[in-house]
Structure formats: C-alpha cells, structure tokens
Number of protein chains: 2
Amino acid sequence: MDDEVVSSKHHNLEDIARLSGVSRSTVSRVINQHPNVSEKTRQRVLQVIDQVDFHPNLAARALVTQKLNVIGILIPHIVSKVFSDPFFPLLLQSITNTANQMGYSVTLWLTSTEGDSDDILGQVVNHRLMDGLIVASTVVDESFIQKLDERGKPFVIIGSPNRLDPHVNYVDVENEIGGYLLTQHMIKQQRQRIAHIPGLEKLRSSRDRQAGYLRAIHEAGMDAIIAPPGNFSEEGGYRSMQVLLDQQVDAVFCASDIMAIGAMQAIRAAGLCMPNDIAIGGFDDIHQAALTNPPLTTVHQPILRLGEVATEGIISILDGRVETSFHQILPVELIIRQSA
Amino acid sequence: MDDEVVSSKHHNLEDIARLSGVSRSTVSRVINQHPNVSEKTRQRVLQVIDQVDFHPNLAARALVTQKLNVIGILIPHIVSKVFSDPFFPLLLQSITNTANQMGYSVTLWLTSTEGDSDDILGQVVNHRLMDGLIVASTVVDESFIQKLDERGKPFVIIGSPNRLDPHVNYVDVENEIGGYLLTQHMIKQQRQRIAHIPGLEKLRSSRDRQAGYLRAIHEAGMDAIIAPPGNFSEEGGYRSMQVLLDQQVDAVFCASDIMAIGAMQAIRAAGLCMPNDIAIGGFDDIHQAALTNPPLTTVHQPILRLGEVATEGIISILDGRVETSFHQILPVELIIRQSA
DNA sequence: GTGAAAGCGCTAACAC
DNA sequence: GTGTTAGCGCTTTCAC
C-alpha cells in the first residue's frame with residue numbers, strides 16, 4: 001500500500017508532503033519561501049521536490065491568489081505588414097525575455113484593427129488568463145482603452161496614447177526631439193529644401209516626429225515640404241520619394257529607417273547621388289541602417305529598453321510595488337553617418 | 001439583503017445562478033452547451049450572463065478539466081537576428097490567429113540556444129500553464145525533445161527534426177524539392193557554373209535545400225560549388241557572394257530570399273549585371289522578393305499555411321480528435337521572375 | 001515551527 | 001431537466 005509508485009501523472013503538494021513526512025502547508029511554505037520553516041525540514045522537503053521534479057500547478061495557485069504571473073502583449077496591427085520593420089520583433093524579444101526573467105510568462109495577441117477586431121479585442125479584454133497587458137503602439141481607439149479600464153485590468157501602452165490621460169501608463173521615446181535633431185543637423189549642413197516623409201497619420205509617434213521636423217524648419221525660417229505618408233514600409237518610402245523627386249528637394253527626413261531605405265532606392269533609380277544631390281535621414285537606427293550605401297544618418301531609439309521598461313512597469317504595478325501611474329519618455333540619440 | 005449590489009469584483013457561477021434562479025450546475029451546463037437544458041432556462045441564464053457581462057474563471061475551470069486551452073510557441077533562436085527575416089513574424093501571425101479563432105490563446109517563448117538556455121528551456125517544459133507546444137525550427141537538440149516527451153506535453157515541430165522520430169509530430173515544406181526545382185530551372189537556362197549559398201549548417205531545412213541543389217547538379221553531371229553559409233541574413237548573403245565572385249559563377253541559388261537580396265547587392269557592387277552576368281534565385285518568396293531589381297526568381301513556401309497546419313494539428317491532438325502522430329509536408333512552388 | 005481545515009470557482013457524477 | 005455534492009491543487013487563517 002505504501003508503494004513507491006512512479007505514476008506518470010503530475011505530483012501534487014500532498015504527494016510531496018507524504019514523501020517528506022510533513023503537512024501540505026509546510027510544503028507550501030517551503031515553496032513560497034516563508035520564513036517560518038526550520039532549516040532541517042526545508043532541506044528535506046526541497047530534496048523531495050527536486051527528486052520527483054515537482055512543479056506546482058499554477059492554475060490551482062491562481063485560483064486562490066487571484067494571480068497568474070502572466071502578462072499579455074497586444075499588437076493591434078495587420079502584422080504581416082508591420083513586421084517587415086524589425087521594431088516589433090525586437091520589442092517582442094525584449095518583453096518576453098524581461099518577463100520570463102521576472103517569473104512571468106507572456107501571451108501574444110495580434111489583432112488587425114479592422115473587420116472582426118471587435119471580437120478579438122473583446123476576447124483580449126475579457127480573457128481571464130492574464131494579470132495585465134502591454135499594448136504596443138496606439139492605433140487602439142479610446143473605447144478600447146476605456147474597456148480595459150473598466151475591466152480593471154492594468155495595462156501600459158508603448159508609445160503615447162493619442163489623448164493623454166494622466167492615469168494611463170505609457171512608455172515612449174523622444175519622438176519630437178528626434179525629428180528636431182535630425183532636421184536641425186540637415187539645416188546646419190546648409191541644405192536648402194528639406195522634405196519629410198511621414199509614417200502613418202493616425203500614429204502619434206509619426207505625428208510627433210513630424211512636429212519635431214516642423215519646429216526645426218520653422219525656427220530656421222524655411223518652408224516645410226511634406227510628402228504623402230510612407231506607411232512605415234519600404235515600398236511606401238520608395239513611392240513617397242518619387243513624389244519628392246519632382247520638387248527639387250536636397251534633403252529628406254524619413255520617419256523610419258525602413259522608409260529611408262526605400263527612399264534611397266528611389267533616389268538611386270533616379271540617377272542621383274547621396275549625400276551630394278540629396279541627403280537622407282531616418283529614424284530608429286535598425287541594424288540595417290549601418291549597412292546601407294551610404295550608411296544612414298538616423299535617430300537611435302532604444303527599442304530593447306522600451307520593452308524592458310514597459311515590462312518592468314506593468315510587473316511593478318501587478319506586484320503592487322507602484323501605486324501611481326507612470327509615464328516614461330526614453331531619450332533618443334542622433335547617429336551621424338554618411339547619408340546626411 | 002437582496003441588494004442588487006454591483007460590485008467591482010468579478011462575478012462567479014454562484015452569482016449567475018442566484019440572479020437567474022437556478023443552480024450552479026445549470027449555469028455551467030448553459031455555458032458549456034450541454035444539451036440537457038430547457039430552452040426557457042437557457043435563455044434566462046444567457047440573458048443574465050450577458051447583462052452582467054460574466055466570463056468564467058479559466059483557471060478554476062482548468063483546475064478541474066486539466067485543460068487551459070493555451071498553446072505555447074517556442075522559438076529557440078537569437079531572435080533579433082532571425083527576425084530580420086519575415087518568416088517568423090508571419091508564422092507568429094498565422095499561429096496566433098488560427099489559435100485564437102479556435103478558442104485557444106498563445107504563450108510566446110523566445111530563447112537563445114546558448115548560455116542560460118537550459119534554464120529557460122526548463123521553464124518552458126515545466127510550465128504548467130500550457131496544454132501543448134509548437135516548436136518553430138529545430139535547432140533544438142534531441143535532449144529537449146526528449147524532455148518534452150517525458151513531460152507528456154504534446155508538441156509539434158515546424159520544420160523537420162534532425163533525427164526523424166516516427167512518433168514526433170511535425171509540419172514542413174518540400175525543401176529538397178524546392179532546391180531541386182530552382183537549380184533545375186537554372187540548368188535549363190544553360191547556366192554553366194551554378195553555385196549555392198547555404199543558410200545554417202545545423203538547420204535541417206537548410207541542408208535539405210542544399211540536397212535538392214546537389215541532386216539537380218549531379219543529375220546534370222555538373223560540378224557543385226558551395227559557398228560558406230550565409231546564416232540566413234542579408235549581410236551573410238553579401239559576404240558569401242563576395243567569395244563566389246572570385247570563382248566565375250554564372251548562377252547562384254541562395255537558401256533564402258534575404259540572403260539573395262544581400263547577394264544581389266554584392267553582385268551590383270562588383271559592377272555585374274543580373275541576370276546576364278549572374279542569375280540569382282532565392283527561397284521563401286517573401287514580400288520583398290517581387291520588389292527587388294530585377295525581381296527575384298524564387299521558391300514559394302506557404303508560411304501562413306505552415307502555421308495554420310501546425311496549430312490545427314496541435315489542437316486536434318489536445319482535443320483528442322487525433323490519436324496517431326502526424327507528419328505533413330506542404331508543397332512549394334517555383335516562382336519565375338526576372339533574376340533567373 | 002507545524003498541522004488542520006476552509007475555500008478559491010469551476011465541472012461532473014450522481015440523485016431525483 | 002435540474003439540484004446536490006464531491007473534488008481539482010493550492011494558499012492561508014487559525015490553533016497548538
């Protein structure tokens with residue numbers, strides 16, 4: 001009857017308790033590192049746990065603690081398109097790594113912003129298998145943010161929300177300053193007609209970069225030249241640049257490196273030379289930016305750090321280590337290479 | 001005492017039962033669509049559920065059913081590097097979309113294959129908040145597969161495992177055939193010195209594509225010319241191509257489109273013309289392949305379908321609708337454009 | 001420092 | 001067709 005049956009089923013606290021000659025509660029205390037356990041019993045229990053390779057049932061724990069140690073990442077985008085930009089992959093990587101290191105696992109939600117999105121957003125908001133949420137990029141409409149709020153599910157936004165609600169948590173980079181710095185750099189280089197290729201009208205990050213461009217242009221008393229948005233894609237950058245080629249520009253600030261790469265192709269296709277005929281600048285400082293010909297002058301944004309800060313932020317909130325809302329704006333840096 | 005208290009806490013089955021004047025079990029039956037409920041009570045209960053916006057606690061359900069409706073995706077890579085290729089983003093998208101549609105959510109694990117990987121792999125294997133796992137790409141060593149097996153956690157591999165175990169589930173594409181078709185196409189075009197740029201030695205998909213290349217070359221009685229592996233990166237393709245430029249090749253089959261794009265840059269930088277001087281072919285048929293100059297001849301692989309099949313596969317297993325192991329090899333297609 | 005017992009919210013076997 | 005009841009595996013008072 002006291003067989004040492006090695007069943008294929010998972011062990012539970014009761015098993016460990018029996019095998020180490022203590023009660024369930026004591027085993028629980030050991031696992032949760034409660035102080036009130038004698039060193040001797042702790043060792044004995046730990047040894048049994050190790051021996052049978054026991055891992056507690058997290059669903060059962062969640063049922064009583066009301067906490068799963070799971071965060072969600074929501075990317076509300078037609079991702080196949082956006083993923084041609086390394087921004088999201090890098091973000092995913094830093095979020096999952098940071099979360100895993102802090103003992104959290106990560107649930108991924110990729111939704112398009114159109115069509116059946118309501119269903120999926122509802123699915124996300126009401127999903128009971130997450131403690132909190134990181135929302136990456138803010139094409140999300142206000143109603144979604146409000147739904148999250150009503151559900152009482154903590155969340156942090158990467159990128160600033162369109163309407164700045166003081167109690168909404170977010171992490172962002174200095175988009176406006178980045179646009180300003182790069183444009184200013186072009187002005188200092190005596191460029192006469194400096195154009196801008198925006199990303200996506202409805203994205204705040206895109207609008208902020210454009211605002212920085214405009215500030216520098218106006219400070220210098222120059223005329224703004226704004227191309228059609230390039231949708232943050234290589235082809236988009238190519239097409240927007242084609243439009244600009246008719247307008248005798250001698251410098252272009254693109255709202256992303258990927259668009260800058262597209263624009264460079266258009267410039268080369270037109271038989272023009274960089275940076276002599278046209279200077280070009282990007283934003284992001286993705287890996288490829290250093291490998292273009294000529295190497296791309298751009299604004300570095302700390303993508304990995306963005307994910308880290310967002311993750312640490314949401315986890316602080318979930319662990320109750322932070323009560324106020326937090327807004328963090330990470331610094332950018334002008335990287336001067338040869339394209340401008 | 002019978003206050004209609006609208007508390008901010010979550011409702012539970014008991015609440016719904018009370019509000020609709022039935023027992024917990026009946027509510028449970030309604031939610032789980034059991035047949036034995038009268039239409040009248042069903043409607044009443046559904047109305048209450050809708051009214052208070054009730055969503056069952058999945059952790060509690062999991063505790064009794066032993067099933068969470070969660071699958072994990074494991075990508076065992078230094079992802080920042082691999083993600084420059086749109087393969088994984090597309091895969092992620094199709095897996096999450098398919099899973100969500102089937103009522104599953106998806107947990108993401110990105111691990112590097114080096115350093116602390118043991119810890120994370122252990123974390124993944126022992127994580128109790130997943131029913132099954134999709135392992136994307138097989139740099140995973142045998143010991144990991146064995147661990148999964150021991151844990152009894154069902155899994156399916158995308159890409160063939162290095163050692164073909166008949167009871168291991170996997171989904172793959174016709175890598176060998178793709179390599180064969182493209183090489184054969186170059187042979188038909190009278191190319192004399194056809195080289196190959198492999199991806200990553202330890203990846204089976206890479207080796208299979210190379211095997212297809214070799215089969216076609218040998219059938220034609222030609223000499224094989226194998227460049228150093230390009231690591232599936234654009235720079236890698238560039239560098240491998242530089243090596244080939246010294247060897248008077250007139251055609252190159254690259255194991256991925258991204259490497260082909262890098263190779264094209266090297267060819268252009270050498271002042272050579274495509275396809276006249278050198279024909280070039282890729283593998284994947286990523287979006288950018290149609291936009292290169294000249295447009296890239298390549299082998300189309302159904303990436304989205306790969307994710308769908310893998311997801312449907314693991315879910316069939318989890319839902320007990322399939323008892324035998326399954327191996328599916330999806331067809332590829334030669335896409336002839338202008339580069340070869 | 002340790003154990004007994006209650007209960008988290010749900011499902012399912014069993015009674016009626 | 002519906003209600004009662006016994007757990008699923010864990011944490012957490014409360015005794016001792």
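Naming convention: chains lettered A, B, ... in sequence-line order (proteins, then strands); numbering from 1 in each chain.
Remark: A/R305 engages A/E308 in a salt bridge, criterion side-chain N to carboxylate O under 4.0 Å. In this structure, A/D53 pairs ionically with B/R151, as a charged nitrogen and a carboxylate oxygen lie closer than 4.0 Å.
Atoms CG (B/L63) and C1' (D/dG7) sit 9 Å apart, rounded to a whole Å. As a whole-Å value, the separation of B/N69 CG from C/dC10 C1' is 14 Å. For the pair B/K67 NZ and D/dC8 C1', the interatomic distance rounds to 16 Å; values are reported in whole Å. Counting to the nearest Å, the C1' atom of D/dG1 and the CZ atom of B/R44 are 12 Å from each other. Between B/Q43 atom CD and D/dG1 atom P the separation is 15 Å, expressed in whole Å. Between the CG atom of A/L68 and the C1' atom of C/dC8 there is a distance of 13 Å, rounded to whole Å. As rounded to whole Å, 18 Å separates atom P of C/dC16 from atom CG of B/N36.
For B/S23, no side-chain nitrogen or oxygen approaches OP1 or OP2 of D/dT2 to under 4.0 Å. Between A/Q66 and C/dG9, a side-chain N or O to OP1/OP2 separation shorter than 4.0 Å is present. Taking only side-chain nitrogens and oxygens, A/T41 comes nearer than 4.0 Å to OP1 or OP2 of C/dT2. Between B/T26 and D/dG3, a side-chain N or O to OP1/OP2 separation shorter than 4.0 Å is present.
Not a single donor-acceptor pair under 3.5 Å links the side chain of B/S28 to the backbone N or O of B/R24. Judged by distance alone, the side chain of B/H327 and the main-chain N or O of B/V171 form no donor-acceptor pair under 3.5 Å.
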Criterion salt bridge (Lys or Arg N to Asp or Glu O under 4.0 Å) on A/K67 and A/D319, from CA distance to verdict: CA-CA 10 Å; A/K67 188 144 179 309; A/D319 290 354; 3.3 Å; yes

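Taking the six-membered ring where the residue is Trp, the centroids of B/F54 and B/H11 are separated by 6.0 Å or more.
For the pair B/L58/A/H127, a side-chain contact is recorded, criterion being any heavy-atom separation below 4.5 Å from C-beta on.
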Reading 5' to 3' through nucleotides 10-16 of chain D, protein heavy-atom contacts under 4.0 Å coded B for base, S for sugar-phosphate only, - for none: BBBB---

